[in-house]
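Okay, structure first, notes after.
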Amino acid sequence: QVQLVESGGGLVQAGGSLRLSCAASGRTFSRDAMAWFRQAPGKEREFVVLINWRGSTLYADSVKGRFTISRDNAKNTVYLQMNKLKPEDTAVYYCAATRGVVTSGRDNYDYWGQGTQVTVSS
């Protein structure tokens with residue numbers, strides 16, 4: 001059974017940092033593109049960042065220069081280092097995976113985690 005499990009969310013003050021992890025299981029994900037999306041209350045789920053199997057990345061403009069995605073294929077895990085956090089970063093953060101077309105569109109992702117809450121206080 002394929003599973004993605006996020007961890008590392010929490011409450012942090014504006015300007016602070018958090019590191020999210022997404023542990024994949026059920027099969028190897030080394031050839032998958034992995035992505036992070038987020039959903040704030042009352043808003044649609046939005047793209048944050050992706051990393052393809054070669055390590056190429058794509059960031060949403062809103063997080064460029066503050067967030068960094070990385071992956072450890074040996075551990076089947078992807079990470080999201082979030083620095084200089086802002087109150088508008090508050091959301092549930094979801095990890096997603098695909099072996100299909102690699103885009104920022106959420107419909108292209110086949111597997112999703114349950115999400116982890118990130119709350120940034122002002």
- Query: Does the pair Leu50 and Val102 meet the rule for a side chain to side chain contact (heavy atoms under 4.5 Å, CB included), with working shown?
  - Reply: CA-CA 8 Å; Leu50 67 83; Val102 180; 3.7 Å; yes
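- The distance from the CG atom of Leu11 to the CG atom of Leu18 is 8.5 Å, given to the nearest 0.5 Å.
- Residues Val118 and Thr90 form no side-chain contact, since every pair of their non-hydrogen atoms from C-beta on lies 4.5 Å or further apart.
- Take Ser121 and apply the side chain to side chain donor-acceptor pair (under 3.5 Å) test, not counting sequence neighbours, and it matches no residue.
- The ring-ring contact (aromatic ring centres under 6.0 Å, His included) pairs that include a residue from residues 22-46 are Phe37-Phe47, Phe37-Tyr109, Phe37-Trp112, where partners are two or more places apart or lie in different chains.
- Annotation: side chain to side chain donor-acceptor pair (under 3.5 Å) contacts of Ser25 (sequence neighbours excluded): none.
- The shortest side-chain heavy-atom distance between Thr68 and Leu80 does not fall under the 4.5 Å cut-off.
- Listed by chain and residue number, Asp61 satisfy the salt bridge (Lys or Arg N to Asp or Glu O under 4.0 Å) test with Lys64 (two or more places apart in sequence, or in another chain).
- In this structure the side chain of Cys95 reaches within 4.5 angstrom of the side chain of Val78, judged on heavy atoms.
- Using a 4.5 Å cut-off between side-chain heavy atoms of Ile, Leu, Val, Met, Phe, Trp and Tyr, with links allowed through other members, Leu85 and Ile69 fall into the same hydrophobic cluster.
- For residues 56-108, there are no ring-ring contact (aromatic ring centres under 6.0 Å, His included) pairs, not counting sequence neighbours.
- Remark: Arg27 engages Asp32 in a side chain to side chain donor-acceptor pair (under 3.5 Å) (not counting sequence neighbours).
- Applying the salt bridge (charged side-chain N to carboxylate O under 4.0 Å, His left out) test to residues at least two apart or on different chains, none of the pairs has a partner in residues 69-88.
- Of all non-hydrogen atoms in Gly9 and Leu20, the two that sit nearest each other are N-CD2, 3.5 Å.
- Sorted by first and then second residue, the side chain to side chain donor-acceptor pair (under 3.5 Å) pairs with a member in residues 9-23 read Ser17-Asn83; sequence neighbours excluded.
- Connection of Val63 to Val92 is not established within any shared hydrophobic cluster, with ILVMFWY side chains joined at heavy-atom distances below 4.5 Å, either directly or through further cluster members.
- For the pair Val49 and Leu58, the minimum side-chain heavy-atom distance is 4.5 Å or more.
- Cluster partners of Val101, using a side-chain heavy-atom cutoff of under 4.5 Å among ILVMFWY residues and allowing indirect links: none.
- Looking at heavy atoms from C-beta onward, Asn76 lies in side-chain contact with Thr28 at the 4.5 angstrom threshold.
- Under the salt bridge (charged side-chain N to carboxylate O under 4.0 Å, His left out) criterion, the residue pairs touching residues 101-122 are Glu44-Arg106, with sequence neighbours excluded.
- A continuous path of ILVMFWY side-chain contacts below 4.5 Å connects Tyr111 to Ile51, so both sit in one hydrophobic cluster.
- Every residue meeting the side chain to side chain contact (heavy atoms under 4.5 Å, CB included) condition with Ala40, not counting sequence neighbours, appears here in chain and number order: Lys43, Ala91.
- Note that CE of Met34 and CG of Asn73 are 9.0 Å apart. Values are rounded to the nearest 0.5 Å.
- Residue pairs satisfying the side chain to side chain donor-acceptor pair (under 3.5 Å) criterion with at least one member in residues 45-54, sequence neighbours excluded, are listed as follows: Arg38-Glu46, Gln39-Arg45.
- The minimum heavy-atom distance linking Ser122 with Ala14 is given by the pair CA-CB, 4.3 Å.
- Remark: side-chain polar atoms of Gln3 are not paired, donor with acceptor, to backbone N or O of Ala24 under 3.5 angstrom.
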